[in-house]
Amino acid sequence: MASVSTPARRAAAGSSRHAGFRRAAATDRPRSGGAGWLFATPFLVFFTLFLIVPIGIGLWMSFTNASLTGHGDGTLVGLDNYAEAFGDSQVWRTLGNTVWFTVLTTVPLVLVALVMALLVYTGMPGQWLWRLAFFASHLLPVAVVYQIWSMLFQPDRGMLNGLLKIFGIDGIAWLTDEKYAMWSIALVTLWWTVGFNFLLYLAALQAIPDHLYEAAALDGAGAWRRLWSVTLPQLRRTTGLIAVLQVMASLKVFDQIYLLTKGGPNGATRPILEYIYDTGFTNYRLGYASAVSYVFFGLIIILSIAQLKIFSRRED
């Protein structure tokens with residue numbers, strides 16, 4: 001006898017099928033066990049040992065009169081180191097030098113990198129050569145950069161002064177004159193680090209959809225109009241990212257200044273990180289150097305938050 005399909009039977013069959021699907025889905029769903037933590041454990045161990053623990057030790061040390069000689073270790077002095085840091089004229093002078101270096105380098109490193117990326121993206125012949133030339137300097141270690149530019153900056157036999165003499169201009173004391181020393185270091189930094197920003201801009205340019213340019217061309221927009229109305233607005237997020245990264249990197253300047261001028265002449269190029277280094281490892285005042293470093297760290301955090309808020313408002 002043929003069975004009759006009733007609405008009740010169809011509903012029961014449908015519910016059983018859905019229940020089977022749910023059981024199958026639950027069976028196929030990957031189980032969240034401890035495998036993820038197992039893979040993350042090596043990173044977490046190194047992150048804790050080499051970042052979290054040193055930060056905690058340095059913070060504790062900033063409240064003590066710890067010395068590299070071993071005298072006074074563990075003796076709490078409270079906020080005395082921080083009070084001294086805010087009243088130390090050398091802290092403010094070196095911080096001013098650091099800020100001035102950041103101003104000199106941030107804007108050129110953004111604009112020059114953008115121009116370089118636009119030149120490559122527009123189809124210059126021999127693109128692979130230009131990409132290599134623009135990025136190669138970023139791969140050099142700071143010791144090699146120092147050797148190259150110390151020879152170029154030599155007052156008597158340097159190539160830069162040699163070029164100036166061709167045009168009848170007297171040679172410049174690039175690294176020993178207070179008027180030119182910081183500008184010279186900014187030039188070295190621009191040549192050395194612009195390649196990284198160039199790559200970021202080039203990747204962002206390649207990610208811009210082609211249909212935006214096609215629509216602009218159909219509307220009669222020329223090359224300059226497409227640049228201002230399509231390209232630059234699409235690069236707004238990348239520009240904000242590069243600006244934030246560049247400010248943070250410039251505030252932490254140390255290597256090239258220490259090698260080229262050692263903070264001279266007369267402290268005109270001495271950054272705050274060099275002052276922290278000299279205080280801790282030359283004058284042996286580790287506690288006070290830790291306090292100055294945490295004051296500087298706090299200023300960087302405040303500046304980073306301000307920058308992020310500014311760029312987020314512009315995007316909105």
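- In this structure, N161 contributes its side chain and D170 its backbone to no donor-acceptor pair below 3.5 Å.
- To the nearest 0.5 Å, atom CD1 of residue I172 and atom CG of residue L175 are 11.5 Å apart.
- Taking OG1 of T279 as the reference point, atom OH of Y284 lies at 13.0 Å (rounded to 0.5 Å).
- A donor-acceptor pair shorter than 3.5 Å can be found between the side chains of S250 and Q246.
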- Task: Apply side-chain contact (heavy atoms from CB on, under 4.5 Å) to the pair T269 and N97, showing each step before the final yes or no.
- Result: CA-CA 6 Å; T269 61; N97 292 338; over 6 Å; no
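- Residues W174 and L152 have side chains not in contact (no heavy-atom distance under 4.5 Å, counting atoms from C-beta outward).
- Judged purely by atom type and a 3.5 angstrom limit, D177 uses its side chain to pair as donor or acceptor with the backbone of K179.
- Distance alone, capped at 3.5 Å, is enough to place a donor-acceptor pair between the D88 side chain and the Q90 backbone.
- Listed for the T98 side chain is no donor-acceptor partner under 3.5 Å among the backbone atoms of P271.
- Within the 4.5 Å cutoff, the side chain of V188 has heavy atoms near those of the F153 side chain.
- Side chains of E84 and R285 form a contact here, defined as non-hydrogen atoms less than 4.5 Å apart.
- Not a single donor-acceptor pair under 3.5 Å links the side chain of W149 to the backbone N or O of L187.
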Show me the donor-acceptor pairs, under 3.5 Å and distance only, between side chains in residues 292-307 and residues at least two apart or in other chains.
unit_1, atom_1, unit_2, atom_2, d
S293, OG, A289, O, 3.4
S293, OG, S290, O, 2.6
Y294, OH, I55, O, 2.5
Y294, OH, L59, N, 3.2
S304, OG, I300, O, 2.8

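- Between the side chains of E274 and T94, no donor-acceptor pair is found at a separation under 3.5 Å.
- Ion pair E214/R226 not flagged as a salt bridge, since none of the NZ, NE, NH1 or NH2 atoms sits closer than 4.0 Å to an Asp/Glu carboxylate oxygen.
- Residue F196 places its CZ atom among 12 or fewer non-hydrogen atoms of other residues, nucleotides or ligands, all under 6.0 Å distant.
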- Task: I would like to know whether V110 and Y201 meet side-chain contact (heavy atoms from CB on, under 4.5 Å); could you show each step before the answer?
- Result: CA-CA 9 Å; V110 173; Y201 268 127; 3.4 Å; yes
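- Under the 4.5 Å side-chain heavy-atom criterion for grouping Ile, Leu, Val, Met, Phe, Trp and Tyr, W228 is connected to L118 within one hydrophobic cluster.
- Side chain of T238 to main chain of A204: no donor-acceptor pair is present (N/O by atom type, distance under 3.5 Å, no hydrogens or angles).
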- Task: Might you work through the side-chain contact (heavy atoms from CB on, under 4.5 Å) test for V142 and F254, ending with a clear yes or no?
- Result: CA-CA 10 Å; V142 65; F254 175 80; over 6 Å; no
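- Between atom OH of residue Y277 and atom OH of residue Y258 there is a gap of 4.5 Å, rounded to the nearest 0.5 Å.
- Expressed to the nearest 0.5 Å, how far CG of L202 lies from CG of L114 amounts to 11.0 Å.
- Taking the side chain as every heavy atom from C-beta outward, L104 and M182 approach each other to under 4.5 Å.
- Within the model, atoms OG1 of T105 and CG of L190 stand 8.5 Å from one another, a figure rounded to the nearest 0.5 Å.
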- Let me see the working for Y288 and N283 under side-chain contact (heavy atoms from CB on, under 4.5 Å), right down to the final yes or no. CA-CA 10 Å; Y288 180 61; N283 299 328; over 6 Å; no
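- L132 and L205 sit in two unconnected hydrophobic clusters of ILVMFWY residues. Membership requires side-chain heavy atoms under 4.5 Å apart, directly or through other members.
- Distance check, rounded to the nearest 0.5 Å: CH2 of W183 to CD of E178 gives 15.5 Å.
- W130 places no side-chain N or O within donor-acceptor distance of the main-chain N or O of L119, the cut-off being under 3.5 Å.
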